[in-house]
Amino acid sequence: MRTIPPKAILSLHFFGLSNNMAFLEFQQKLTDALRAFAAEELGADLDHIAAEIPPKTELGDLAFPVAFELAKVLKQKTGEKQNPRALAEKIAPMLESFDFVGKVSIAGPGYINVYYDRARYLSQSAGRPALADKGGEGEKICVEHTSVNPNKAAHIGHVRNSVLGDTFVRILRAAGHTVEIQNYIDNTGVQVADVVVGFIHLEKMDLDTIKALDARLKTEGTSFDYYCWDLYTKIGIDYQTNESLTEKRAETLHLIEEGDNDVADLADYVATRNVECILDTMERLSIRYDLLPRESEILHLHFWEKAFTMMKEREAIRLETEGKNAGCWVMPFESHEGSDEHETDKILVRSNGTVTYTGKDIAYQMWKLGLLGMDFKYRHFSTYGNGQDVWITTSRDVAADKPVPEFGHASKVYNVIDTRQSYPQEVVKKGVALIFPEKGEEASVHLNYEMVALSPSAAEELGFFLTDEDRSRSFVEMSGRKGLGVKADDLIDRLERDAFAEVQKRHSEITDEEKASIAHEIAVGALRYFLLKFTKNTVVIFDFKEALSFEGETGVYCQYTAVRANSIFRKLEENAVTAAAETIAADLQGVSRVLEGDEGDGIWAVAALAARLEETIAQSVASAEPATLARYTFNLSKAFNLFYHHHRIIDEEDEVKRAVLIAVADSARSALTEALATLGIKVPDRM
RNA sequence: GCACCCGUAGCUCAGUUGGAUAGAGUGCUUGACUACGAAUCAAGAGGUCAUAGGUUCGAAUCCUGUCGGGUGCACCA
């Protein structure tokens, strides 16, 4: 692939966004100019130019500590000692020559502080959307997330995965990427087998009895995945005392993998019903999928055999003839230096000829990247309330009532999987890169995050007995096998109940249906934000009080801020924003006056923060970190609330000032609404 | 034992590829609603950024040691 020179990309970028030039473009222009200036005028090559947002609004909108760096580089080059402040003085006029720059000042030992032309920026941005619609062109990115074992209800740990994945998808789309969402279904694994053993050998049920049970559960207001949750716990306990059951498990697993038998049919029903339940849970949180690839197809369509052949051809894998791995096909891991019993070469094919999970995962990853040269068959699975379709894989040809979209063939793949699986994910990435060096390791990204654990008090609140040792620890790990966890639907139900009560207090006049709808949006906002405000590598210690809070740093606070902002515009004249834009354009000097001084700094701070949505999204993409956007959304809300308490917008008598306040409030609510939507959080009409 | 992650205010956490006086939320003390919506705002107290060195004009951030915590290291997934 040919590389496009950076300047060409920049100009394309400008072309696409020319009607909505935000701070990101300003920064790029200034950085480029600085680099050129340093090279041409000072004879210094700077590969990276640091830019910083000053700690306070009165210190400017962008700061370059570049003079310090230059002093160092020039000293190395010429041997002469340079004064950073003097260098900064030389640079300042060049930066000042840009039309969007209001002024440049030198601060402290040599910081170059750039102040944008506030009136000019406001006149150009007034009434414009906070985020340009970038369409969704370019190469496709696949994101795999959720991937809950289909043998029980989803708990809060699974929800962290789904919310992270779904939000990252929204962030990628906001940045202009085309994204496909896959939710991998491990329908032939041990966990499904366990529940199947429970149904057959503990409950003595056959497929028809299970179907009858399922129908009965519905009328009783409980659900199939909750029933399986309990059954899974029960079988876990029985395994410890009943050895014959353990034998049944191996037998059952084998039958499920093989397919085309009664046990496999029963397992398919159980797994599919759990998938349906989990999809319902996730849809409550506005989380939807494009495709459900299943492990059964990876087996039955012989994906692994194809991958295995390719790996052997490229000598990425070798057959061990001696030692403890004799008879296994392994992938050599050059980094291993551990002793014999620890972290050695990764086994992909067992000595009995069966493939391990990691082996299957390599084949699946190759398919995602369009490298396998094979494809699944597809069946329409269901249609969401919003009209979006979900497809599932199948091994048999089915008459399609809808055209099947093209799945896979991604240029890049993000796998949202918790950090405990870092090692096998490393093997998958290295394995694929070994077979396709031209594709490289960059094509596979493990978007890893820490687990959700329970605070000891939360575990006790759920009715679990804790030993003294448990209680002395800072957290208790959740365990599906032990049935220890906060079920997602339970938590959402509780949030909705609490929110309903709050809405009732404030808006007793509206219908219960409206209240429920608002309560739902609040519950989603609270839960999603709660899981997003932590950075990925922080263990979330779940605590009911914190998770159920609607005050402080919460999604509800951000929603409330947006609702409040919207209510201003409901009371303003219909064309208030356009009128304000016209007033601003007609009197730039007057606008400058409003934006001067301490009060002006306060107003400008809100506009400036709203202008940083695009760069925040770019930052979130680059670091694969949704928490960055969540923090930004909260900070913008805080800035707006401060502004709101300082200024009476509707009652403002000075026409120009009123126009400025309207334009700034509008840009803030636009950025806030867009940021919340990207976090998967809606803004209710009232709350 | 080996590998990776972490240690920041009483508690829970942010802190952009090294940059200006280390910030939020919460809890505590106090103040502000006949409202552009108090699920809000303001003020106060609260710090040896685990610890000892090193690199640098500049370190919470990079390097090394020490102490403390977490996770992973299956012919499971």
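Chain A is the first sequence line, chain B the second, and so forth, proteins listed ahead of strands; every chain is numbered from 1. The figures here come from the full heavy-atom set of this structure, side chains too, leaving out hydrogens, waters and symmetry mates.
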Hey, where does RNA chain B pair up into stems, meaning at least three consecutive Watson-Crick or G-U pairs with distances under 3.5 Å?
B:1-7 with B:67-73, B:10-13 with B:23-26, B:28-32 with B:40-44, B:50-54 with B:62-66
Of all the choices, B:rU56, B:rC5, B:rC13, which nucleotide is nearest to the side chain of A:K72 once you look at every atom?
B:rU56
Give a yes/no on whether any side-chain N or O of A:R564 is located under 4.0 angstrom from OP1 or OP2 of B:rA38.
yes
Test side chain to side chain donor-acceptor pair (under 3.5 Å) applied to A:K505 - qualifying residues, sequence neighbours left out:
A:E502
Whole Å only: how far is the CD atom of A:Q421 from the C1' atom of B:rC73?
14 Å
It should be established whether A:Y557 places a side-chain nitrogen or oxygen under 4.0 Å from OP1 or OP2 of nucleotide B:rC41.
yes
Is any side-chain N or O of A:K536 closer than 4.0 Å to OP1 or OP2 of B:rC5?
no
Side-chain N or O of A:S351 versus OP1/OP2 of B:rC75: is the shortest distance under 4.0 Å?
no
Quick one, give me the B/S/- string for nucleotides 19-25 of chain B, reading 5' to 3', where B means a protein heavy atom under 4.0 Å from the base and S means that only happens at the primed atoms, P, OP1 or OP2.
BBB--SS
Residues forming a side chain to side chain donor-acceptor pair (under 3.5 Å) with A:S637, sequence neighbours excluded
none
Say you pick atom C1' in B:rC13 and the same atom in B:rU30; how far apart are they, in whole Å?
26 Å
Considering only B:rU12, B:rA77, B:rA39, which nucleotide approaches the side chain of A:E546 most closely?
B:rU12
When all nucleic acid strands are considered with a 4.0 Å heavy-atom cut-off, which category describes A:A499: base, sugar-phosphate, or nothing?
nothing
Of the candidate nucleotides B:rA77, B:rG37, B:rC41, which contains the atom at the shortest distance from the side chain of A:R506?
B:rG37
Using a 4.0 Å heavy-atom cut-off, does A:T538 contact any base of the nucleic acid, only the sugar-phosphate backbone, or nothing at all?
sugar-phosphate
Regarding A:V192, tell me which of base, sugar-phosphate or nothing describes its non-hydrogen contacts under 4.0 Å with the strands shown.
nothing
Can you name the residues that form a side chain to side chain donor-acceptor pair (under 3.5 Å) with A:E514, not counting sequence neighbours?
A:T511
Of all the choices, B:rA77, B:rG37, B:rC5, which nucleotide is nearest to the side chain of A:N537 once you look at every atom?
B:rC5
For A:S147 and A:N183, indicate whether the former's side chain and the latter's backbone hold a donor-acceptor pair under 3.5 Å.
no
Side-chain donor/acceptor pairs under 3.5 Å, residues 660-667 of chain A, sequence neighbours excluded:
residue	atom	partner	partner atom	Å
A:D666	OD1	A:R669	NE	3.1
A:D666	OD1	A:R669	NH2	3.3
A:S667	OG	A:V664	O	2.9

